[in-house]
Amino acid sequence: MTLRVYNVLGREKQEFVPLEAGRVGMYVCGPTVYDDPHIGHAKTYVNFDVVVRWLRKSGYDVLYVQNITDVGHLLESGEDRILKKAGQMHAKPMQIVETYTRNYFQAMDTLGVTRPDISPRASGHIPEQIKMIETLLQKGHAYEVSGSVYFDVTTDPDYGKLSNRRVDDQEGMGRVAERGEKRNPEDFALWKRAEPEHILRWDSPWGEGFPGWHIECSAMARKYLGPTFDIHGGGVDNIFPHNESEIAQSECANDAIFARYWLLVGSLTVDGVKMSKSLGNFTTIEDALQRHSPEVIRAFVLSAHYSNPIDFSDEALSAAAKGWERIYNAVRLNRRALNTAQAGGDGNGFLAQLEKAKSDFAAAMDDDFNAPTGIAILQELTREVNTLLNSGITVALDVLKAVDETYTSLAGDVLGILPAGNRVAGDSNREAALIDFLINIRAQARASKNWAESDRIRDELAKMGIILEDRADGTVWKGM
RNA sequence: GGCGACGUGGCCAAGUGGUAAGGCAAGGCUCUGCAAAAGCCUGAUGCGCCGGUUCGAAUCCGGCCGUCGCCUCCA
């Protein structure tokens with residue numbers, strides 16, 4: 001079984017062959033920590049989380065690096081985003097950065113996103129960035145102008161190869177590109193001199209200043225993954241200028257291919273347009289978690305292929321929730337059967353169906369991490385599992401175990417859409433005993449056809465989020 | 001203006017040459033004291049439109065229309 005990935009560099013699906021057999025070096029552009037993480041971040045990092053999970057499931061030793069941008073970049077007005085935020089909050093810039101870095105990790109942890117192996121901070125790698133800029137200056141790819149250093153795009157014939165942009169046709173749209181002190185309008189900053197009011201500043205051979213936006217990724221990727229590594233990920237919205245500039249800087253400085261495979265995820269939109277502060281259609285992950293579980297949010301994100309855009313709405317989330325519940329109900333039904341199962345029993349023929357589901361799932365994931373098809377396979381499996389468990393036969397313990405292992409592996413380990421445990425209140429043992437007690441009282445009411453009392457108990461429990469289901473073999477309950 | 005992505009049943013969505021996965025919604029049915037859950041059945045003769053290549057195209061090529069993204073900080 002071979003993994004094939006769509007490489008944006010070259011725009012074609014290719015067989016994935018890592019630089020070093022069995023190992024994968026992967027870099028994904030991380031967030032700028034100047035505000036709370038939003039659901040667009042959720043899409044991007046859940047998508048790459050599944051990529052990493054699948055690579056590891058496939059036996060690769062993955063080194064996953066994702067930066068934290070805590071240096072801040074210039075707004076159009078010339079302001080630094082982090083400094084602007086700090087001013088608004090009456091806080092130190094590094095306080096802002098620390099706060100939102102924590103919020104980011106907390107949100108990702110809640111969403112079950114596996115932490116990167118290394119989360120390098122841009123502010124902690126200023127020397128590495130300066131060194132790379134010096135190399136570019138020595139090689140004639142960059143030039144200094146009164147304390148700032150710019151990359152000269154005309155020295156890199158490959159500039160534009162990722163986004164298919166030519167330097168000479170960037171005019172248009174009625175806009176005149178700003179040249180300022182740059183030699184060419186398309187040149188971009190490697191280092192900027194700090195104006196007096198700029199607090200975030202570092203010493204450099206060119207005076208006090210701060211690094212350009214793109215150089216941090218180049219410097220940190222090189223430091224932790226080497227000049228050439230396997231996968232570079234990010235959002236398509238950063239293909240230009242960020243990713244393009246990363247490639248130019250790195251390949252000119254290192255004289256080596258930068259990333260070999262480029263995987264870019266589609267943007268998340270709200271009502272058909274991209275989420276942005278200016279439009280006010282901004283939803284934080286924390287807000288989304290008020291309405292939906294982490295697993296449902298993941299299932300929603302994974303309902304479309306990572307490279308496609310996805311439109312966020314309560315309706316879309318609700319539909320995803322319904323579909324997810326069907327799968328999770330089967331998992332719970334199976335686990336309940338597992339708890340009371342005896343050795344022996346029937347249904348051994350089902351093991352072949354499980355193997356089929358597993359191999360189909362693997363084929364889907366090996367085809368450019370096709371999670372939506374993976375979920376479809378789980379849905380089909382769920383129909384078969386429900387049929388088996390409701391058929392009335394005594395299902396063999398081994399079969400029940402195999403069913404649970406299949407779900408745990410595919411839905412749990414790979415897609416991350418199974419909760420860690422039964423999500424009920426903290427005092428779960430005592431609560432479970434109380435619910436069972438009420439179910440017994442209700443059973444007596446039902447035996448004497450006292451439907452009013454029976455329904456009252458069911459309705460009251462429902463108000464508390466406890467759902468009762470009367471099955472042929474007794475009443476079961478689940479917490480919402 | 002340039003670059004790129006996309007357009008599949010009411011909604012979402014997979015499918016890159018061999019005769020349309022899956023989910024949600026809807027209707028019918030089975031089961032049930034009722035409900036819930038679950039299962040079964042129904043539903044695109046057609047995949048934006050028009051041409052072309054092919055024995056055969058949602059899938060390849062050309063043109064057109066439309067939506068979105070990027071070209072300015074953005075995941």
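Lettering follows sequence order; numbering is per chain, from 1.
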Contact class for A:G40 (heavy atom, under 4.0 Å): base, sugar-phosphate, or nothing?
base
So what does A:V28 hit on the nucleic acid, given a heavy-atom distance under 4.0 Å: a base, only sugar-phosphate, or nothing?
nothing
Whole-Å distance, A:R336 CZ to B:A36 C1', equals 14 Å
Please determine, for the side chain of A:E469, which listed nucleotide (B:A14, B:A37, B:C71) has the closest atom?
B:A37
Using atom C1' of each nucleotide, how far apart are B:C49 and B:A36 to the nearest Å?
47 Å
Check: A:Y261 ring centre within less than 6.0 Å of A:F16 ring centre:
yes
In whole Å, what separates the C1' atom of B:C47 from that of B:G7?
10 Å
If pairing requires Watson-Crick or G-U wobble contacts with both distances under 3.5 Å, which nucleotide is the partner of B:C68?
B:G4
Which part of the nucleic acid, if any, lies within reach of A:G30 when heavy atoms closer than 4.0 Å are counted: base, sugar-phosphate only, or nothing?
sugar-phosphate
Please state the P separation for the pair B:A58 and B:U19 - nearest whole angstrom.
11 Å
Measure from CG on A:N281 to C1' on B:C68 and round the result to the nearest Å.
14 Å
Using purine N1 to pyrimidine N3 plus N6-O4 or O6-N4 for Watson-Crick, or N1-O2 and O6-N3 for G-U wobble, each under 3.5 Å, what pairs with B:A58?
none
Quiz question: going by heavy-atom distance under 3.5 Å, is there a donor-acceptor pair between the base of B:C34 and the side chain of A:D470?
yes
Give a yes/no on whether any side-chain N or O of A:K274 is located under 4.0 angstrom from OP1 or OP2 of B:C70.
yes
Euclidean distance for P, B:C55 against B:A38 (whole angstrom)
49 Å
For A:Y34 and A:D70, does a side-chain donor sit closer than 3.5 Å to a side-chain acceptor?
no
Is A:A316 touching bases, backbone alone, or none of the nucleic acid, heavy atoms closer than 4.0 Å?
nothing
Calculate the interatomic distance between A:L268 atom CG and B:A13 atom P; express it in whole Å.
12 Å
Any strand counts, and the cut-off is 3.5 Å on both contacts for Watson-Crick or G-U wobble. Which nucleotide pairs with B:A75?
none
Of A:E325 and A:G235, whose nearest nucleotide on RNA chain B comes first from the 5' end?
A:E325
Report yes if some heavy atom in the side chain of A:V5 is under 4.5 Å from a heavy atom in the side chain of A:F369; otherwise report no.
yes
Spell out protein contact along nucleotides 4-10 of chain B as letters: B when the base is contacted, S when just the sugar-phosphate is, - when no protein heavy atom is under 4.0 Å; keep the 5' to 3' order.
S------
Integer angstrom distance from the C1' of B:C12 to that of B:A25:
11 Å
Whether each nucleotide of nucleotides 19-31 of chain B has a protein heavy atom under 4.0 Å at its base (B), only at its sugar-phosphate (S) or at neither (-) is summarised, 5' to 3', as --BSSSS------
Under 4.0 Å from OP1 or OP2 of B:G39: is there any side-chain N or O of A:N390 that close?
no
Whole-angstrom distance between B:C71 and B:G56, as gauged at atom P
45 Å
Whether the A:N47 and A:T44 side chains hold a donor-acceptor pair (N or O, under 3.5 Å, no angle test) is what I'd like checked.
no
Could you tell me the Watson-Crick or G-U partner of B:G43, where both distances fall under 3.5 Å? Say none if there is no partner.
none
Toward the 5' end of RNA chain B, by each residue's nearest nucleotide, A:D367 or A:G266
A:D367
Measure up the A:H41 and A:Y45 rings against each other and bin them: parallel (under 30°), tilted (30 to 60°), perpendicular (over 60°).
parallel
If I take atom CZ in residue A:F210 and atom C1' in nucleotide B:C73, what distance separates them, rounded to the nearest angstrom?
13 Å
Should the pair A:K182-A:D152 be classified as a salt bridge under the 4.0 Å nitrogen-to-oxygen rule?
no
Rounded distance in Å between the P positions of B:A21 and B:A44:
12 Å
Could you identify the nucleotide paired to B:G9, looking across every strand shown and requiring Watson-Crick or G-U wobble geometry with both distances under 3.5 Å?
none
A:K478 NZ to B:A35 C1', straight-line distance once rounded to whole Å:
13 Å
With stacking defined as ring centroids separated by under 5.5 Å and planes differing by under 30°, is A:W451 stacked against B:G33?
yes
Are side-chain N/O atoms of A:N329 and A:R332 paired as donor and acceptor at under 3.5 Å?
yes
Residue-phosphate contact under 4.0 Å: A:N370 side-chain N/O, B:G15 OP1/OP2:
yes
Under 4.0 angstrom, heavy atoms only, what part of the nucleic acid is A:R442 near: base, sugar-phosphate, or nothing?
base
Using the P atoms only, state how far B:G62 lies from B:G22, rounded to an integer number of Å.
33 Å
Nearest whole Å is fine: how far is B:G15 P from A:R4 CZ?
13 Å
Which listed nucleotide (B:A75, B:A38, B:C71) is nearest to the side chain of A:S267?
B:A75
Flag the pair A:E251 and A:K161 as a salt bridge only when some basic side-chain nitrogen lies within less than 4.0 angstrom of an acidic carboxylate oxygen.
yes
Any luck finding a side-chain donor-acceptor pair between A:E469 and A:T475 under 3.5 Å?
no
For B:U19, which nucleotide in any strand shown is its Watson-Crick or wobble partner with both distances under 3.5 Å?
none
A:H305 near the nucleic acid: base, sugar-phosphate alone, or nothing, with a heavy-atom cut-off under 4.0 Å?
sugar-phosphate
Are any side-chain N or O atoms of A:N386 and backbone N or O atoms of A:T382, one a donor and one an acceptor, separated by less than 3.5 Å?
yes
Could you tell me which residues satisfy side-chain hydrogen bond (donor to acceptor under 3.5 Å, both in side chains) with A:S307, sequence neighbours excluded, listed by chain and number?
A:H305
For the residue pair A:S119 and A:Q66, confirm or rule out a side-chain donor-acceptor distance under 3.5 Å.
no
Decide salt bridge (Lys or Arg N to Asp or Glu O under 4.0 Å) for A:R115 and A:D49; before the verdict, give the C-alpha distance in whole Å, the side-chain angles of both, and the deciding distance to 0.1 Å.
CA-CA 9 Å; A:R115 291 240 185 159; A:D49 181 43; over 6 Å; no
B:A35 C1' sits how many Å from A:L461 CG, rounded?
14 Å
Integer-rounded Å distance: B:A75 C1' and A:Q66 CD
9 Å
Looking for any heavy atom pair under 4.0 Å, which part of the strands does A:L468 touch: base, sugar-phosphate only, or nothing?
base
Mind checking who B:U32 pairs with, Watson-Crick or G-U wobble, both distances under 3.5 Å?
none
